A.B. asks: 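First the structure, then my questions, so here it is.
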Amino acid sequence: MSNATAKTASSLDEMSPRRRQLAEFWFYFSENKGAVIGLWFFLALIVVAILAPLIAPHEPYQQYRDAVLVPPVWQANGRWEFLLGTDAVGRDILSRLLFGARYSLFIGIVVTTIALVVGIFVGVLAGYFRGWLDTVIMRLMDIILAFPSLLLALTLVAVLGPGLDNAMIAIALVYQPHFVRLTRAAVMAEKSRDYVVAARVAGAGPIRLMFRTILPNCMAPLIVQATLSFSNAILDAAALGFLGMGAQPPTPEWGTMLAEAREFILRAWWVVTLPGIAILVTVLAINLVGDGLRDALDPKMKRS
């Protein structure tokens with residue numbers, strides 16, 4: 001054991017149980033430098049999304065007809081009032097990117113919450129009761145997993161109708177099987193443990209056993225999966241927006257901004273490149289945070 005690890009272990013012994021858990025979590029999480037960088041970027045993105053109306057230099061829908069396809073300020077003919085340039089109808093790119101962060105975070109939160117809550121509920125039922133209920137649920141999940149996720153989401157949106165709400169519902173449905181399978185496997189592993197048997201002998205009913213006794217001990221892999229689903233939801237929503245099936249113009253959603261700028265890719269690179277970079281960096285940061293959570297929450301990944 002290294003000196004740093006030994007000092008950390010001794011300091012943890014002096015803390016309360018709750019503080020000890022948080023300190024241990026941060027110790028293992030912070031060992032992954034990429035995860036720390038991703039976390040700081042994600043926190044900055046949240047701040048930007050919240051303060052977008054205050055820090056954006058222009059309204060996201062405001063058009064300046066005398067400033068169509070103005071390049072970024074560091075290029076020739078760039079203007080300081082439009083730091084990242086304007087699009088084909090004279091809207092400020094920087095302002096639309098800042099407001100687009102709101103849509104991306106909203107999409108990630110809604111999709112992940114729906115998929116996580118419903119997936120946990122269905123997975124707990126399948127893993128606890130087993131039998132015919134487990135068979136029906138898992139075969140349905142296998143059918144969903146048999147289709148490419150984006151193709152299935154695109155089909156569902158085509159049936160429900162284009163729009164951001166329908167896109168989020170479709171993406172959440174596509175992500176259900178991952179949470180169901182993880183929850184089922186964890187519940188099956190936990191329900192034969194001694195503490196569950198003791199709770200059953202003490203008179204705990206099935207509902208209490210499932211959601212108060214077993215479920216809290218199954219959350220670590222679900223938290224990691226939720227983080228990865230958060231980033232995938234942003235990516236899939238941007239893809240649906242790019243295909244015209246997600247958020248509709250003039251919504252400043254990053255995928256929709258890419259779709260509107262396709263025809264200008266050769267003569268106005270900033271209109272396409274900047275929203276693409278925003279999607280890339282955001283998804284990368286969230287995935288790095290997910291790797292750090294896996295290192296901190298999975299006992300097998302913790303180094304002694």
Side-chain angles (χ1 to χ4, degrees), residues 29 34-61 84 91-119 149-150 153 157 162-176 178-179 222-243 245-260 273-294:
F29 182 87
V36 175
I37 295 173
L39 177 62
W40 284 116
F41 180 86
F42 183 65
L43 293 176
L45 184 68
I46 293 175
V47 173
V48 165
I50 294 173
L51 300 180
L54 300 177
I55 62 178
H58 305 277
E59 290 295 324
Y61 303 106
L84 297 182
R91 294 173 299 196
D92 182 53
I93 297 292
L94 176 58
S95 300
R96 291 178 64 78
L97 289 176
L98 294 176
F99 277 89
R102 286 187 154 196
Y103 285 92
S104 294
L105 292 178
F106 177 73
I107 290 167
I109 292 171
V110 171
V111 169
T112 304
T113 301
I114 295 174
L116 180 65
V117 172
V118 178
S149 60
L150 184 58
V157 174
L164 184 58
D165 294 340
N166 291 338
M168 290 189 294
I169 294 173
I171 297 171
L173 180 60
V174 168
Y175 289 166
Q176 288 293 302
H178 304 289
F179 292 100
L222 292 172
I223 292 173
V224 176
Q225 181 61 42
T227 306
L228 299 177
S229 296
F230 193 103
S231 64
N232 289 334
I234 294 175
L235 196 60
D236 285 350
L240 291 176
F242 181 78
L243 296 173
M245 304 300 288
Q248 300 298 300
T251 304
E253 193 269 330
W254 292 338
T256 306
M257 291 174 64
L258 284 173
E260 293 180 303
T273 305
L274 296 177
I277 291 176
I279 296 171
L280 170 66
V281 176
T282 300
V283 171
L284 177 61
I286 298 173
N287 284 339
L288 289 174
V289 173
D291 289 341
L293 290 175
R294 181 199 60 197

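Just so it is clear, the values below take in all heavy atoms, side chains as well, and ignore hydrogens, waters and symmetry mates. In this text the structure is predicted, and so the values were computed from the model without any measurement.
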A.B. asks: Do Leu288 and Ile37 have side-chain heavy atoms sitting under 4.5 Å apart?
C.D. replies: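 A side-chain contact is absent here, since even the closest heavy-atom pair is not under 4.5 Å.
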A.B. asks: Could you check Met257 against Leu97 for side chain to side chain contact (heavy atoms under 4.5 Å, CB included), going step by step and ending with a plain yes or no?
C.D. replies: CA-CA 9 Å; Met257 291 174 64; Leu97 289 176; 3.9 Å; yes
A.B. asks: Side chains of Arg91 and Pro252, heavy atoms from C-beta outward: is any pair under 4.5 Å?
C.D. replies: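 Answer no - side chains too far apart.
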A.B. asks: Once you round to the nearest 0.5 Å, how far does CG of Asp92 lie from CZ of Phe99?
C.D. replies: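 The CZ atom of Phe99 is 10.5 Å from CG of Asp92, to the nearest 0.5 Å.
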A.B. asks: Work out which heavy atom in Pro60 is nearest to a heavy atom in Arg96; give both atom names and the distance.
C.D. replies: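 That closest heavy-atom pairing would be O-NH1, 2.8 Å.
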A.B. asks: Enter the distance from Leu94:CG to Leu84:CG here, rounded to the nearest 0.5 Å.
C.D. replies: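 Atom-to-atom, Leu94:CG and Leu84:CG are 4.5 Å apart.
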A.B. asks: Please round to the nearest 0.5 Å and tell me the distance separating atom NE2 of His178 and atom CG of Leu222.
C.D. replies: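 Separation between the atoms: 13.0 Å.
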A.B. asks: Is there a side-chain contact between Phe41 and Ile286, using heavy atoms and a 4.5 Å cut-off?
C.D. replies: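 No; the side chains remain at least 4.5 Å from each other.
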A.B. asks: Would you name the heavy atoms of Ile50 and Arg102 that are closest together and state the gap between them?
C.D. replies: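 Where Ile50 meets Arg102 most closely, the heavy atoms are O-NH2, 3.2 Å.
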A.B. asks: Could you pull out the closest heavy-atom pair between Ala237 and Ile171, with the gap in Å?
C.D. replies: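 Heavy-atom minimum between the residues: N-CD1, 3.6 Å.
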A.B. asks: So, taking the atom named CD1 in Ile109 and the one named OG in Ser104, what distance separates them when rounded to the nearest 0.5 Å?
C.D. replies: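 Answer rounded to 0.5 Å: 11.0 Å.
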A.B. asks: Hey, does Thr251 have a side-chain heavy atom less than 4.5 Å from the side chain of Leu164?
C.D. replies: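 They are not in contact (no side-chain heavy atoms under 4.5 Å apart), so the answer is no.
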A.B. asks: Using the side-chain contact (heavy atoms from CB on, under 4.5 Å) definition, which of the options Asn232, Ile114, Thr112 pairs with Tyr175?
C.D. replies: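 It is Asn232, the one option of Asn232, Ile114, Thr112 that forms the side-chain contact (heavy atoms from CB on, under 4.5 Å) with Tyr175.
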A.B. asks: Taking Thr113 for the side chain and Val110 for the main chain, is one N or O donor matched with an acceptor at less than 3.5 Å?
C.D. replies: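 No; judged by distance alone, with no hydrogens or angles, the pair does not exist.
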A.B. asks: Under a 4.5 Å cut-off applied to non-hydrogen side-chain atoms, are Val174 and Asp236 in contact?
C.D. replies: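 No, their side chains stay 4.5 Å or more apart.
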A.B. asks: Does Trp254 reach the side chain of Thr282, with side-chain heavy atoms less than 4.5 Å apart?
C.D. replies: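 Counting from C-beta outward, Trp254 and Thr282 do come under 4.5 Å.
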A.B. asks: Which pair of non-hydrogen atoms, one from Glu260 and one from Pro249, has the smallest distance, and what is that distance?
C.D. replies: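 So the minimum-distance heavy-atom pair works out to OE2-CB, 3.3 Å.
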A.B. asks: Side chains of Arg294 and Thr227: does their closest heavy-atom pair fall under 4.5 Å?
C.D. replies: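 When only atoms from C-beta onward are counted, Thr227 and Arg294 do not touch, as no gap falls below 4.5 Å.
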A.B. asks: Find the distance between CD1 (Ile169) and CG (Asp165) and round it off to the nearest 0.5 Å.
C.D. replies: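 Reported value, rounded in 0.5 Å steps: 6.5 Å.
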A.B. asks: Within a reach of under 6.0 Å around CZ of Phe106, are more than 12 heavy atoms found that belong to other residues, nucleotides or ligands?
C.D. replies: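 Not more than 12 within 6.0 Å, no.
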A.B. asks: Search all heavy atoms of Ala247 against all heavy atoms of Thr256 and return the closest pair with its distance.
C.D. replies: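 Minimum heavy-atom separation between Ala247 and Thr256: O-OG1, 2.8 Å.
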A.B. asks: Just how far is it from atom CD1 of Ile234 to atom CD1 of Ile279, taken to the nearest 0.5 Å?
C.D. replies: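 If we round to the nearest 0.5 Å, Ile234:CD1 and Ile279:CD1 are 9.5 Å apart.
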A.B. asks: Between Leu243 and Val157, is any pair of side-chain heavy atoms under 4.5 Å apart?
C.D. replies: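 Answer no - side chains too far apart.
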A.B. asks: So, for Val111 and Met168, which heavy atoms are closest and what is the spacing to 0.1 Å?
C.D. replies: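 Residues Val111 and Met168, closest heavy atoms: CG2-O, 3.6 Å.
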